[in-house]
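Heads up, the thing below is written out as structure tokens.
Owing to the predicted nature of the structure, the values given are computational and were not obtained by experimental measurement.
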Amino acid sequence: MDERPYDLDDVSVVMGAYNEAEAIGPVLDDIEAATEGRAEVVVVDSSDDGTADIARDRGARVVKQPPKGYGAAVRRALLEASNPVRVTTDCDGTYPMERIPDFLDLVNEGYDVVSGDRLYHGADTMPPLNRLGNRVFAATASLLGGERLHDVTTGMRAYHEDVIESVRWTENTGLSAELLIRPAMRGYRVRQEPIEYDERLGETKLDPFSGGAEIGKSILKCCLEERVRALR
């Protein structure tokens with residue numbers, strides 16, 4: 001890590017987008033306000049509803065990609081980013097963009113990953129089934145990974161670029177879990193930071209049953225692979 005502290009000019013905020021025309025404008029406005037317009041914003045977009053035009057109008061760099069799923073979009077956005085501090089978010093209005101400077105401060109304190117913990121405050125705006133599933137995911141990852149993980153599917157995290165560029169990311173629907181499990185099990189310094197969680201704008205694209213099954217499989221796969229890696 002550089003000796004100098006990072007500032008807002010060193011931040012890239014990245015997201016994948018699929019038909020989020022209703023939500024992406026307010027999210028980008030919140031990012032601009034939180035970062036004083038200084039952060040790079042990268043949106044990997046697969047939409048056909050005008051999402052990309054809205055993002056470009058607000059100064060985001062839009063990378064077009066055929067629909068390949070959540071993880072493929074977020075992974076590419078993380079790798080397309082050019083700044084050393086990379087903040088992931090969803091473009092549905094659920095995450096508190098005003099916390100970006102706090103996450104940056106924690107990276108400057110030496111954390112490699114700062115993971116927004118939605119469940120700490122209860123996540124009352126989250127559908128009950130999703131909330132239950134996320135608690136099960138966290139308990140499973142903690143048990144199998146040997147690290148106490150609170151919210152493995154949160155979409156808001158900050159990463160030092162070294163983490164992103166040193167790990168081979170493989171998951172799609174379960175990428176959010178992989179992005180926490182692998183760094184935690186490899187000994188990177190991880191901070192799980194409580195955040196508020198709001199109601200989403202627009203309609204969800206993830207089926208809770210099929211999507212939940214995919215995330216569960218990703219957790220099992222990542223934990224097993226990291227256990228094997230540690231033994232080599």
Side-chain angles (χ1 to χ4, degrees), residues 8-97 100 103-104 113 116 153-180 182 198-208 210-211 214-215 218:
L8 292 170
D9 296 309
D10 298 308
V11 173
S12 294
V13 183
V14 309
M15 66 194 79
Y18 180 69
N19 291 347
E20 293 285 2
E22 182 178 346
I24 196 167
V27 171
L28 294 176
D29 289 344
D30 288 346
I31 293 170
E32 181 175 17
T35 65
E36 301 170 5
R38 295 161 60 188
E40 175 189 48
V41 180
V42 179
V43 179
V44 173
D45 180 70
S46 307
S47 305
D48 57 15
D49 69 343
T51 296
D53 292 335
I54 295 169
R56 289 193 192 93
D57 287 345
R58 283 168 167 78
R61 177 159 65 91
V62 177
V63 180
K64 292 297 290 183
Q65 175 171 279
K68 297 180 180 179
Y70 169 85
V74 174
R75 178 169 55 246
R76 183 168 181 188
L78 281 165
L79 295 174
E80 288 275 353
S82 60
N83 286 331
V85 179
R86 300 177 191 180
V87 177
T88 61
T89 188
D90 293 345
C91 53
D92 58 8
T94 53
Y95 290 100
M97 296 295 92
I100 292 174
F103 279 38
L104 174 62
V113 181
T153 60
T154 180
M156 184 176 181
R157 296 197 183 104
Y159 301 86
H160 189 271
E161 63 180 341
D162 290 349
V163 179
I164 296 303
E165 294 174 359
S166 66
V167 178
R168 178 174 175 265
W169 309 104
T170 63
E171 298 305 292
N172 198 344
T173 303
L175 180 72
S176 56
E178 181 182 25
L179 282 166
L180 180 61
R182 293 199 195 276
D198 208 345
E199 293 184 22
R200 90 172 329 275
L201 301 173
E203 296 182 2
T204 183
K205 312 300 188 300
L206 181 66
D207 179 87
S210 61
E214 288 296 319
I215 292 168
S218 293

Worksheet entry | Intermediate values then yes/no, side-chain contact (heavy atoms from CB on, under 4.5 Å), Phe103 and Val85 | CA-CA 10 Å; Phe103 279 38; Val85 179; over 6 Å; no

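Arg86 pairs by the salt bridge (charged side-chain N to carboxylate O under 4.0 Å, His left out) definition with Glu161, Glu165, not counting sequence neighbours. Partners of Asp10 by side-chain hydrogen bond (donor to acceptor under 3.5 Å, both in side chains), not counting sequence neighbours, listed by chain and number: Arg4. Every residue meeting the side-chain hydrogen bond (donor to acceptor under 3.5 Å, both in side chains) condition with Thr94, not counting sequence neighbours, appears here in chain and number order: Asp92. Residues passing the side chain to side chain contact (heavy atoms under 4.5 Å, CB included) test with Ile54 are Ala21, Ile24, Arg58, sequence neighbours excluded. Partners of Thr153 according to the side-chain hydrogen bond (donor to acceptor under 3.5 Å, both in side chains) rule, which considers only residues two or more places apart in sequence or in another chain, are Arg118, Asn134. In this view, Asp30 satisfies the side-chain hydrogen bond (donor to acceptor under 3.5 Å, both in side chains) rule with no residue, not counting sequence neighbours. Every side chain to side chain contact (heavy atoms under 4.5 Å, CB included) that Pro26 has, sequence neighbours left out, goes to Leu201. For the side chain to side chain contact (heavy atoms under 4.5 Å, CB included) test, residues two or more places apart in sequence or in another chain that qualify with Ser166 are Tyr188. Residues that satisfy the ring-ring contact (aromatic ring centres under 6.0 Å, His included) test with Tyr159, not counting sequence neighbours, are absent from this structure. Residues satisfying the salt bridge (charged side-chain N to carboxylate O under 4.0 Å, His left out) test with Arg182, not counting sequence neighbours, are Glu178, Glu225, Glu226.
Judged by distance alone, the side chains of Ser218 and Glu171 do bring a donor and an acceptor atom under 3.5 Å apart.
When all heavy atoms are compared, the tightest approach of Cys91 to Gly16 is SG-O, 3.4 Å. Of all heavy-atom pairs between Gly71 and Leu175, the closest is O-CD2, 3.4 Å. Here the closest heavy-atom approach between residue Val87 and residue Ala158 is recorded as CG2-CB, 4.0 Å. In plain terms, the two heavy atoms of Val14 and Leu78 that are nearest each other are CG2-CD2, 3.8 Å. When all heavy atoms of Ala17 and Ser47 are compared, the pair lying nearest together is O-OG, 3.7 Å. Nearest heavy-atom pair across Ala55 and Val43 is CB-CG2, 4.3 Å.
Between the side chain of Thr88 and the backbone N or O of Gly155, at least one donor-acceptor pair lies under 3.5 Å. A donor-acceptor pair under 3.5 Å is formed between the side chain of Ser12 and the backbone N or O of Asn83. Judged by distance alone, the side chain of Thr35 and the main-chain N or O of Leu8 form no donor-acceptor pair under 3.5 Å. Judged by distance alone, with hydrogens and angles left aside, the side-chain atoms of Asn172 form a donor-acceptor pair with the main-chain N or O of Lys68 at under 3.5 Å. With hydrogens and angles disregarded, no donor-acceptor distance shorter than 3.5 Å links the side chain of Tyr18 to the backbone of Pro67. Counting only distance, with no hydrogens or angles, the side chain of Ser46 and the backbone of Gln65 share a donor-acceptor pair below 3.5 Å.
Among pairs with a residue in residues 53-82, none fulfils ring-ring contact (aromatic ring centres under 6.0 Å, His included), at least two apart in sequence or across chains. Applying the salt bridge (Lys or Arg N to Asp or Glu O under 4.0 Å) rule to pairs touching residues 37-51 yields Asp7-Arg38, Asp9-Arg38, Glu36-Arg38, Glu40-Arg61, Asp45-Lys64, sequence neighbours excluded.
Residues Thr89 and Ile100 fail the side-chain proximity criterion, which asks for heavy atoms closer than 4.5 Å.
The line from CG of Leu179 to CZ of Arg157 is 6.0 Å long, rounded to the nearest 0.5 Å. With rounding to the nearest 0.5 angstrom, the CE atom of Met15 is 5.0 Å from the CG atom of Leu28.
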